[in-house]
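Let me begin by presenting the structure, written as structure tokens, before commenting on it.
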4 protein chains.
Amino acid sequence: MARPKSEDKRNALLDSALHIFSEQGLSAPTSKIAKGAGVAEGTLFNYFETKDDLLNQLYLELKVHLRDAMLPGYPDTQDLKTRLHHAWNTYVAWGVANPQKRKVMVLLMMSDRLSEASKRSGSEDFKDIHQHMQEGTACGALRDQPTAFIAAIMRSLADTTMDFMSNEPEHAQRYCDAGFAAYWNAIATD
Amino acid sequence: MARPKSEDKRNALLDSALHIFSEQGLSAPTSKIAKGAGVAEGTLFNYFETKDDLLNQLYLELKVHLRDAMLPGYPDTQDLKTRLHHAWNTYVAWGVANPQKRKVMVLLMMSDRLSEASKRSGSEDFKDIHQHMQEGTACGALRDQPTAFIAAIMRSLADTTMDFMSNEPEHAQRYCDAGFAAYWNAIATD
Amino acid sequence: MARPKSEDKRNALLDSALHIFSEQGLSAPTSKIAKGAGVAEGTLFNYFETKDDLLNQLYLELKVHLRDAMLPGYPDTQDLKTRLHHAWNTYVAWGVANPQKRKVMVLLMMSDRLSEASKRSGSEDFKDIHQHMQEGTACGALRDQPTAFIAAIMRSLADTTMDFMSNEPEHAQRYCDAGFAAYWNAIATD
Amino acid sequence: MARPKSEDKRNALLDSALHIFSEQGLSAPTSKIAKGAGVAEGTLFNYFETKDDLLNQLYLELKVHLRDAMLPGYPDTQDLKTRLHHAWNTYVAWGVANPQKRKVMVLLMMSDRLSEASKRSGSEDFKDIHQHMQEGTACGALRDQPTAFIAAIMRSLADTTMDFMSNEPEHAQRYCDAGFAAYWNAIATD
DNA sequence: AATGAATGAGAATTCATTCAT
DNA sequence: AATGAATGAATTCTCATTCAT
């Protein structure tokens, strides 16, 4: 009875938000997002209570999308380097394939518009991955540092690497390899 | 003396902008900035044509400020590790001492409101420092990568390090040391 | 039975409107009214063409409700004072027992959203009562004034009285008696 | 320096608000009020922080306006009837001369948008007048009722009276006199 | 040059009403 | 008839910028 709230429209709105935020920043007006999704301005607020709600839900979608890109095929049983390499490669591949998603994710994390609940839920999504990375990191320069630090360093190195990959696509592979080599050297001792 | 526009006021405006942007983001209204500087709303536009102009000039000021913190005492003649350690230490010291400046600098760089001219001019300021870092980096995992990459990696590692230092001040020194060790391992081979 | 639109639903809507308007004023959204009645937003417009139509019909319902509270047991054959006392007592009793109805009735009358037809129809309902009050008012200060004026004055005095009764329930009876005494003195000479 | 905030504009806004509210109710849009005052939409918010602020300030202006109409020439030293007659006459004269002000005042008082502070301040304005009315009311049907009740009754009787005066201007004087006679009979015994 | 009032183009929402299901 | 998603005009308020003083 009545039209069901369409998952398509919700996705169209999130997708439109993604594109517009990546181009114009999070201050882009909701009217443009609605137009980009092909719906009326008011319709956006049928799917998201407020703009901030849209922001938070978009964040969670992105987190899940990234996790789903990183989790499959995780070489649980292999040694640390192999596991980290998998994390590195899947993260970089995701970021290179989804530059807008990566950019908006950063904008969101810097924006102070994410609720504590969203942040928690977003971290929750990555519990598995962090656990996979955790075991056996205990060597090298970062021997005594918390896993969060190791993970944050991977993230920052990978992000920097991706920036260069995007700017010089012809050297993308070289940067990717060098980036991981640097990361591995940074945290471990062969 | 005969200069009509007071340098003091300009500085007060930039300073106020820094504080307000660091607290409220770049979308903070110009009226608040003017108030924080103790001048009238309209006066701001005697010193900066537009809000974007203010943003760009603030960016350049921050870049120069950082460079002036990193350049003096540079151990030109010492070996690479010593030089990089100096860069690391001065950068981290600056960031820890000026968290607002660091935060606003990041906000500005992510904001797509910086003109190409500003970005170029900002890079220009760091030519010297990059040159100092450049010589003799040719070893380790990043042997064949451009200095810009090496520098960007330092920046990202240092930024991550500083985030942890701020969050856990009691372990600040440990993070700082571990961060540099990681960096050095990342790029060089002893 | 064969009636498609349910009288129950119509009543539920009017009842919900009453409660919500009394709490939030006439600008309360129709969606809340529908929800309060346990029907869908759109259903409201199957029973009332527009919000204004709902307002007008609610007004008429309230008028009838009040009349039905005042009419039974009217001491037609008694003297004026007795009749007016009956009118006073039944009106006050109704108002005290139905504060929401009284409030919304006032809101509606002040709202300029009642059609002429509704106003006329509402007055029509009170023709009998006015007639009952009319006969033999010809004495006292209001000797030469139209019954409508006498009735309006009763209404305003009773409303004021009820406001004080509500605010000071412990003195309700005193106010009620004093109010009627004042009214009787106002219009008649013993 | 700079344009001073003009008292004229503030008055034009309050005046425009008065006219528009009296015709369309308190839900009339601020844009119409601004237009009616001959200023830009945004200008309204230079003079009144919010629409509610405008409402509250308008209320206070009206209260003061009424008080200024009732206070001068108050026959302090005369007997009660004379004093009440003065109050009655000045109030009715004000209401008849300013039907919009009277209507909007009622709308405001019923609106639940007045702050406690405004209500208090509005009452404060009438302290003198209430005091003048107070002394020596101790007789008649309302002998034992609080002054507030006596005053409220005057107000409601006078309002009703004015409604009839407006509807039948040719009998205005008759209604006015009859109204006061009714009031006096209501509360006192000669 | 300095001031701050004035401006008006947005911005995020709300909501009566329509209409596909 | 009932539903509730979709609509888009309307609303309050913000803010970069202009301009009279």
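Residue numbering restarts at 1 for every chain, and letters A, B, ... go by the order of the sequence lines. Note that these values count all heavy atoms, side chains included, but never hydrogens, waters or copies made by symmetry.
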Which one, F:dT18, F:dT12, F:dG4, comes nearest to the side chain of C:A40? F:dG4
Gap between atoms CD1 and P, on C:I20 and E:dC15 respectively (whole Å): 12 Å
side-chain N/O B:K9 vs E:dA2 OP1/OP2, d < 4.0 Å: yes
Rounding to an integer number of Å, can you tell me how far D:K5 NZ sits from F:dA20 C1'? 16 Å
Any donor-acceptor N/O pair, A:K101 side chain to A:L66 backbone, under 3.5 Å: no
In Watson-Crick or G-U wobble terms, both distances under 3.5 Å, what is the partner of F:dA20? E:dT3
Whole angstroms only, please: what is the CG-P distance between A:N46 and E:dA16? 14 Å
Which one, E:dT17, F:dA2, E:dA6, comes nearest to the side chain of C:Y47? F:dA2
Establish, with yes or no, whether the OP1 or OP2 oxygen of E:dT13 is under 4.0 angstrom from a side-chain nitrogen or oxygen of A:K51. no
Which value, rounded to the nearest 0.5 Å, describes the distance between D:Q100 atom CD and D:E23 atom CD? 6.5 Å
Rounded to the nearest angstrom, tell me the gap between atom CG in C:L13 and atom C1' in E:dA16. 15 Å
Between D:D52 (CG) and F:dT12 (P), how many Å, whole number? 10 Å
5' priority, DNA chain F, between A:V39 and B:G42 [closest heavy atom]: A:V39
Listed nucleotide nearest any side-chain atom of B:E41, set E:dT13, F:dA2, E:dG4: E:dG4
Between F:dT12, F:dA5, E:dA6, which nucleotide gets closest to the side-chain atoms of D:P29? F:dT12
What is the distance from CZ of A:F21 to C1' of E:dA11, rounded to the nearest Å? 13 Å
Winner on side-chain proximity to C:F45, out of E:dT17, F:dT18, F:dA6, is E:dT17
Remember a base hit wins even if backbone is also touched, and classify A:A34 as base, sugar-phosphate or nothing at under 4.0 Å, heavy atoms. nothing
Could you check whether any side-chain heavy atom of C:K119 comes within less than 4.5 Å of a side-chain heavy atom of C:E116, counting everything from C-beta outward? yes
Under 3.5 Å, side chain of A:N56 to main-chain N/O of A:R113, donor-acceptor pair present? yes
Assign each of C:T43 and A:L44 the nucleotide of DNA chain F bearing its closest heavy atom; nearer the 5' end lies the nucleotide of C:T43
Distance, rounded to the nearest Å, where D:F48 contributes CZ and F:dT12 contributes P: 15 Å
Can you check the C:L54 CG to E:dC15 P distance for me, whole Å? 15 Å
When we call it a touch if two heavy atoms are under 4.0 Å apart, what does A:T50 touch: a base, just sugar-phosphate, or nothing? sugar-phosphate
Nucleotide of F:dT3, E:dT17, E:dA20 approaching A:R3 most closely (side-chain heavy atoms): E:dA20
First encountered from the 5' end of DNA chain E, between A:T30 and C:S31: A:T30
Counting only N and O atoms by type, is there a donor-acceptor contact under 3.5 Å from the side chain of A:K5 to the main-chain atoms of A:N46? yes
Donor-acceptor contact present, side-chain B:S121 to main-chain B:S118, <3.5 Å: no
